[in-house]
Each structure stands twice: as C-alpha cells, then as structure tokens.
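What follows is one structure encoded as structure tokens, with my remarks underneath.
Below, chain A is the first sequence line, B the second, and so on; all start at residue 1. Keep in mind the model is a prediction, meaning the values are calculated, not measured.
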Amino acid sequence: MFQTFFQSLLEVLQPETMLIMLAGIAIGFVVGVLPGLGGSVTLALMLPFVFDMEPVQAFAFLLGMWVVTATTGDITSVLFGVPGEATSAATVFDGYPMTKRGEAGRALGAALLSSTQGALLGAFFLALSVPILRPMVLAFGPPEFLMMTLLGLTFVVALSGRNVLKGFLMAAFGMLVALVGIDPQEGVPRFAFDQLYLWDGIDLVPLVIGLFAGAEVLQLMLSKTSIADKTMAKEISGIGQGVRDTFRHWSVVVRSSAIGIVIGIIPGMGGSVSQFIAYGHAQQTSKHPEQFGKGSIEGVLAAGANNNAKDAGSLIPTIAFGIPGSVGAAVLLGAFMITGLNPGPEMLTTNLNVTFSMVWIMVLANIVAVAVAFLLIRQLVKLTYIPGTWLVPFLLILLGIGAFTASNNINDIFVMLGAAVLGVVAIHWDWPRVPFLLAVVLGGLAERYLFLSYSLHEWFWLTKPSVLVLAALIIFIAVWPYVRSARGRGKKPVPAPVEQPDDDLTKVGK
Amino acid sequence: MSDRKHQSRFLFALLGVVALFATGCDSAGTSTEAAGGGGGDCSMFEGETVKLVVPYSPGGGYDAYARMVAPHLAKELGGKVVIENQDGAGGLLAINNLMAAEPDGTRLAIMNGVGVAGGALADAEGVRFDLQDLSMIGRVAEQKPVFVVGGGTDYKSVEDVQAGKGFRFASTGPGAADFVNAQMLIQILGIDGRVVTGFDGSDESELAVVRGDVDGQTGDLDSRIDAIEAGDQRPMLVIDAERAKELPDVPAIAELDLDQQEQELTKSLIDLSAFGRPIVGPPGLPEDRLSCLRKALQSAVESPKLLAEADKQQRPLTWLSGDELDDRVKRLADAPAEFKRGLKDAYEQK
C-alpha cells in the first residue's frame with residue numbers, strides 16, 4: 001500500500017498532469033474569488049473537458065479546481081465581506097471586521113494558510129482511512145446525524161455573545177425560517193403563501209449574502225469612507241503574523257478540520273453546514289469568545305481550516321460507495337463514470353492508485369494556490385483602501401450576481417435585499433446574526449432527521465450507544481463554559497456546575 | 001502522436017476558458033454555437049437562441065443530460081442552445097413557468113417525466129397545467145425503475161417480499177418517483193409494507209438500504225446498477241414490460257401472475273415510467289416548429305457522435321418520439337380510476 005501511495009505521487013507529478021492541474025487551479029482560483037459562480041457549478045461546466053483524459057489527469061484537473069475554490073473564496077470574504085463561495089460565509093464573520101481594522105493582511109495570511117492546513121489534514125485523514133472507508137460510512141445513520149445537528153445547535157449559546165436571550169430569540173426566528181417550504185414527511189407546503197419559489201425553502205446563499213455582505217455594503221454607502229480605516233492601517237507584514245497565528249492556535253485548526261471531515265462524510269448535511277458548526281465550536285472553546293464577530297483571529301482560522309477539510313470528508317462516501325457527500329462530489333462522481341472508474345470496492349483495490357492520487361492532488365493544488373495568493377496579497381489588500389463611492393457600485397453588482405446565480409430566480413434578489421435590511425437592523429440594535437443563520441441551516445436538518453429516526457426506530461433510537469455517547473458530548477459541551485468560568489472565579493472547590501446555571505449564565509454573558 | 005495533439009488542443013481550449021472567466025463571465029449557462037447548418041425545413045431556428053431549461057441546480061442527472069445533448073441539438077437547428085438552471089418546487093417551478101412562454105420553440109425544458117406527469121395526472125398541489133397541454137418534443141433517456149433490497153436482507157425474490165411482513169421502502173418524499181413506484185408496488189403486489197419518507201435524495205436512501213435501516217427502495221436502473229454490481233443491493237423486479245438487458249435474471253413486473261385489475265394498474269404504471277427524461281415545449285407550438293424540433297432532437301439523439309459521448313459518460317440515450325409520448329398521455333388520461341386514486345394518494349399522503 002505504501003508503494004502505491006508514493007507511486008501515485010509520481011503519477012501526479014507527470015509534466016502533462018501537472019500542466020492540466022495548473023490549468024484547473026487557475027480556473028478554480030478565479031471562480032473562488034468571484035462570488036456567485038460556485039465551485040460545483042464550474043465543475044459541472046468543465047466536465048466535458050475530461051473526456052479524453054486518463055483518470056489521474058481528470059482528477060488533477062477537476063479536483064485541483066474544486067479544492068482551490070474553497071481556498072480562494074476566503075479572499076473575497078475577508079476583503080469585501082462578500083462570501084466568494086457559499087462555503088466561505090463563516091470567514092466573513094471575523095475576516096471582514098479585521099479588514100476594517102486595517103488587518104486584512106493578517107486575516108488573509110491566516111485564512112489562506114489555515115485553508116492549506118485543513119486541506120492537508122483532510123487529505124491525511126482520507127489516506128489513513130482508506131482501509132476502513134466502508135464501515136466508517138455505514139456507522140452513521142439518521143439518529144447519529146440528528147445528534148450531530150443538535151450538537152451544532154448547542155453552539156447558539158456561545159454564538160449569542162453578550163446577550164443569551166437575544167441569541168435564543170434569533171435562533172428561534174431562524175428555526176421558523178427553516179420551516180418554510182415543503183415538509184419532507186407529508187409533502188405539505190408550509191409558509192409558502194402559494195409561491196412555488198418558497199417550496200424548496202429559503203436558499204442559504206442569498207440569505208448569507210444579504211445578511212452579512214448586503215448589510216455591510218449599505219453601511220459602506222452611508223459612511224463614505226473606504227472599507228479599511230486608513231488611520232488604523234498596519235503594515236502588510238501582518239501576513240507573517242497571520243501565518244504565525246495558524247501555528248499559535250493550532251488546536252483550533254485541527255479541531256475545525258476534524259469537524260469538516262466528519263460533516264463532509266454525511267451526504268445529507270452539505271458543505272455549507274460545517275463551517276457554522278466549526279465557527280460555533282471555536283467560539284465556545286475560545287478563551288476570548290467576546291472577540292468573535294469583531295475580528296477574532298480564531299474565528300478566521302476555524303472557518304478557513306474547516307471549508308477545505310470538508311472536501312476530503314465528502315470524497316470518502318464518494319470513493320467508498322459512489323455516494324457523494326456534497327454537490328461538488330456529486331459532479332466529481334460524473335468524472336468517475338467518464339473515465340471508466342467504478343466507485344466502490346474497486347477504488348480500494350485495483351484503482352487504489354487513483355484514490356491516493358486524489359490525496360496528492362488536494363495537497364499540491366492547495367499549496368500552489370496559496371503560494372500564488374500570497375504573492376498577490378499586497379495588491380489585493382490595496383483594494384480595501386479604495387473610497388467607498390468607487391467600490392460600492394462594483395460590490396452591489398457582486399451582491400446581485402452572487403444572489404441571483406443561486407437558482408437563476410429573481411426572487412433570490414428579494415430574499416437578499418430582505419436579509420440585508422434584517423442585517424442592518426440586527427447590527428444597529430445589537431442582535432446577533434450568527435445564531436439566526438445557524439438555526440436556519442440546522443433547523444431543517446434537525447427536523448428531517450428527527451422524523452426519520454422516529455419512523456425507522458420509533459423511540460428506540462434514543463437507546464443506541466452511539467446516540468448516548470453523542471448526547472453525553474452535547475451535555476459536556478453545553479456545560480463546559482460554565483465549569484471553566486466557575487473555576488476561573490477562584491480557588492474554592494467548584495460545586496457541580498449544573499446546580500447553579502442561572503448565576504453562570506450571566507457570567508458567560510459578560 | 002495523435003494523443004499528444006489531442007492534449008495540446010485541450011490545453012489550448014482550457015486557456016480560452018480561463019480567459020473567459022477572467023473577463024468576468026457571470027452566467028452559469030454554457031452556450032453552444034452551431035458549427036454548420038441544420039436540416040432544410042428548420043430554417044426558422046437558424047441563428048436563433050433556444051433556451052433549454054433544467055429544472056434543477058447544476059450537477060444532477062437532468063443537468064448532465066441537457067448539457068450533453070445541447071451542442072448536438074444546436075448543430076441540428078443551426079442556432080444556439082443555452083442551458084438555464086431554474087430549480088424550485090421539485091422541478092415543478094420551471095415547468096409551470098414554461099407554460100407561459102412564447103410558443104415559438106425558443107424556450108424548452110427537460111422534465112422529470114414520472115414526477116411531473118404523475119403530479120399532473122394526480123392533479124397534485126402546485127401543478128398548474130394539464131399534461132395534454134405540453135408540447136412533447138421527445139424523450140432523450142428512459143428511466144427504467146427497478147425494485148431493490150439491501151444486500152444483507154433475506155429477501156431473495158419478490159415472492160419473499162410478498163410473503164413477508166412490515167417491509168419498508170426508503171423514499172425522498174410524497175410525489176417523488178421513488179415514492180410513486182413504491183406505493184404502486186405495495187398496491188399491485190399486495191406487499192405488507194410502508195414507505196419511509198424524508199431521505200435527502202437517492203444517495204441517502206441508498207445508504208439507509210445498505211445499512212439495513214430500511215429493507216429496500218425503487219430507483220432508476222442507471223443509478224442502482226453500481227450498488228447492484230457491488231452486491232450492496234439485490235434486484236427483485238424491473239418495473240417494465242420486459243426484462244432489462246443489464247439484469248437478464250431479474251423478472252419484469254409484466255411477467256408476474258396478476259389478476260386483471262392488477263394488470264391494468266401495471267400497464268398504466270409502465271406507461272407513466274415511459275416518460276423518463278423528456279424534452280418538452282410550451283402549449284400551442286405551431287405544427288412546423290414542433291415537427292422541426294422533433295426531427296432535430298431525434299437526429300441529435302441518434303447521431304453516432306452523441307451516442308459515443310453518452311456511452312462514455314454512462315448516461316445512455318433511448319429515444320422515444322413526441323408522437324409516442326402523446327400516445328402515452330392519451331392512454332394515461334383513460335387510465336383506470338384505481339390508478340389515478342393510487343397516484344393521488346401518493347402525492348397527498350394521508
């Protein structure tokens with residue numbers, strides 16, 4: 001197996017394969033930076049090009065392109081507050097505030113390098129898990145998925161910041177928004193108001209773009225200054241600091257990558273979910289949760305590492321069963337067909353070299369893309385000093401295109417504008433936006449998996465050992481901040497933290 | 001040598017694409033310009049742009065079929081064919097919108113045959129048209145439904161399933177093809193079972209079947225064949241008049257010993273399945289334009305070049321003419337009341 005592992009590296013390093021991969025990286029780079037045009041759409045468009053290629057070349061091209069979009073999507077998120085990809089939305093939360101503070105270089109350095117680290121960890125895990133791919137995928141079912149969504153929802157407390165009550169209200173509102181659309185059990189439209197557009201629910205892309213980017217652009221229009229505050233500008237050498245940050249907070253990077261891999265494996269959860277869970281977890285475990293949303297470097301690292309690691313995770317069920325873990329992986333499945341590969345057991349025996357070459361491609365493509373991005377950072381950061389009056393029209397076009405291309409429906413623009421208004425209101429009266437978004441993302445999933453768990457196992461799913469383990473984990477994560485703050489209060493022995501939740505609640509709030 | 005030439009041509013094309021992106025191409029649609037002219041009686045489409053709407057987001061099977069056929073259709077028509085993805089309401093949104101399109105043939109759609117035709121017959125919520133009104137251009141690919149069980153289950157044949165108790169089908173939800181077929185199988189074969197809904201697409205259902213959470217599912221042969229060959233799923237029945245050439249040992253539903261009422265239901269179910277992946281136009285297409293589009297699509301689907309491409313993508317093409325689809329529409333309109341009631345139940349689960 002080791003021999004195959006290194007042989008596949010040599011296959012990837014063939015001059016022709018490398019050239020094809022560089023072409024893929026170039027396309028992925030541009031697509032990632034531009035909002036709207038997403039990685040999976042581009043994959044679908046590029047699929048016909050791989051007809052005459054060898055399997056390794058085809059994956060060098062497509063996989064190289066796809067993993068790079070996740071990396072460079074962060075650039076737009078950090079610089080303009082507009083997510084370059086749907087999976088780069090969480091990078092906006094802290095990356096953009098850092099830019100406004102004049103720390104764009106540091107944020108970009110951290111986002112890009114953590115992306116590479118996430119990709120490396122994901123690829124490493126993919127390579128390691130080859131012998132146990134199939135049993136691993138089968139170990140999870142709807143009850144386990146439900147517990148994972150609940151785990152994600154416990155982060156609402158941490159994400160709420162100073163006012164937990166406001167956070168819960170926003171999360172409840174998000175749950176309501178998640179209910180819009182055809183319910184998965186009975187096929188009944190809910191809150192659809194006879195609009196077919198609403199049958200599939202509110203699309204996440206226009207919602208995120210409006211809630212964060214739309215609101216920021218509106219503020220930029222009113223402020224008449226540039227994005228970055230010139231008086232606060234620091235040297236671009238912040239890049240180096242960003243790079244060092246990824247090592248200083250290595251555990252955030254590792255944990256966020258792990259979350260990305262696990263969520264990536266689950267076919268129904270989709271790529272845009274895991275970034276919010278990773279972000280919530282980072283805030284929950286941080287020593288400075290109050291910094292999150294205001295330019296915390298840990299928030300940037302969590303989002304950056306996560307969105308690259310999840311790609312490796314979503315490849316796992318694709319390779320093992322031909323069941324894609326995400327939309328992008330679904331298109332890659334088409335490349336399996338075209339190049340005559342059968343996903344499933346063969347990928348772990350006769351075609352093991354192709355499986356391992358995918359690992360190498362993810363690693364190499366990310367390293368190349370990040371190296372190029374580092375060369376360009378200086379020029380890119382200058383863009384944020386352009387006066388708002390020049391930049392706003394350009395950003396408005398990006399917003400419109402980004403929202404519209406989600407499903408080519410004019411209603412997406414209205415959703416985006418509505419979300420922008422909501423975003424401005426939330427900023428003005430200090431209501432947290434992230435719990436709302438997390439509840440929108442996870443609410444629908446929680447409902448679906450709850451009903452599935454019940455119709456499959458009635459209430460017996462509650463007694464599954466894996467469910468109990470995850471439940472224990474949820475309780476631990478929910479209670480841990482109180483334990484820590486209780487400990488921090490003094491040397492006196494800490495009573496069982498559950499006994500005085502009220503007191504602790506206010507503590508965390510501050 | 002020629003291989004090398006191919007490579008360099010490919011790289012050249014790629015450079016072009018990179019340049020295209022760099023200049024800020026914003027649309028998800030690829031447009032395909034025709035190289036040569038089409039047939040003589042299709043002059044009205046020369047230089048025209050035909051929009052082919054895909055009612056789902058990019059990356060799925062319908063999207064792949066549409067993108068594969070588009071350049072060849074463009075060549076036959078002597079114009080451009082542009083793909084537009086418009087997802088919503090499980091594929092209904094785009095078809096409802098198509099009903100209001102100018103009937104000149106410049107706006108067509110690929111359709112989820114079973115889902116939308118079944119919905120129209122059942123008069124389901126959200127369907128705002130009659131099936132007879134759609135202009136059937138032709139079917140590009142069939143979707144042969146098969147009934148599979150998990151590789152780890154004890155069911156070896158349909159008789160085992162019929163004899164068993166509490167059989168569970170996985171489905172995405174009411175109105176989806178996997179729901180309609182499962183519900184009809186329960187009715188026709190008298191299976192003691194139910195449909196578990198809420199799975200997020202056939203991928204998640206497949207995992208549930210392999211894991212043993214549910215006993216089986218119905219799905220297209222094309223999407224089930226990998227799992228069948230890997231032994232993860234075992235085929236029980238092909239829902240068609242004849243056996244499938246890929247599964248010569250698996251009985252077709254028409255072979256089973258059924259009473260007359262069950263046979264009639266089976267016939268209607270097979271008629272419905274025949275819709276597969278059709279390309280349709282808005283109501284009231286003028287005769288000359290309709291016949292031109294039908295001819296152009298047929299020559300495209302039957303051209304050796306496209307067939308080879310389809311073979312390579314493992315997305316087989318099986319042409320069925322617009323006339324024959326019209327026949328099926330008529331036959332289904334006269335389907336037994338029992339069948340329509342069954343469909344209605346499948347779309348409005350009580």
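For B:D213, the parts lying near chain A are the backbone and the side chain together; criterion is any non-hydrogen pair under 4.5 Å. For chain A, no part of B:A208 is nearby; none of its heavy atoms comes within less than 4.5 Å. The part of B:N96 that comes within reach of chain A is its side chain, from C-beta onward, which places non-hydrogen atoms under 4.5 angstrom from that chain. Residue A:P189 touches chain B through its side chain alone, counting heavy-atom pairs closer than 4.5 Å. Proximity to chain B is absent for every atom of A:F336, based on heavy atoms less than 4.5 angstrom apart. Of the two parts of B:T172, only the backbone, made up of N, CA, C and O, holds a non-hydrogen atom closer than 4.5 Å to a non-hydrogen atom of chain A. Of the atoms belonging to B:R211, heavy atoms from both backbone and side chain fall under 4.5 Å from chain A. Neither the backbone nor the side chain of A:F451 comes within less than 4.5 Å of any heavy atom of chain B. Heavy-atom distances place both the backbone and the side chain of B:F199 under 4.5 Å from chain A.
For the residue pair B:Q233 / B:Q217, a side-chain donor-acceptor distance below 3.5 Å is found, with atom types taken as modelled. Under 3.5 Å, the side chains of B:T153 and B:D215 contain no donor-acceptor pair of N or O atoms.
At most 12 non-hydrogen atoms from other residues, nucleotides or ligands lie less than 6.0 angstrom from NZ of B:K51.
Under a 3.5 Å cut-off, the side chain of B:R234 and the backbone N or O of B:G151 do form a donor-acceptor pair.
Classified by interplanar angle (parallel below 30°, tilted 30° to 60°, perpendicular above 60°), the ring pair A:F61/A:F49 is perpendicular.
Between B:L52 and B:V82 there is no side-chain heavy-atom pair separated by less than 4.5 Å.
Here CD of B:Q86 is found 9.5 Å from CD1 of B:I95. Values are rounded to the nearest 0.5 Å.
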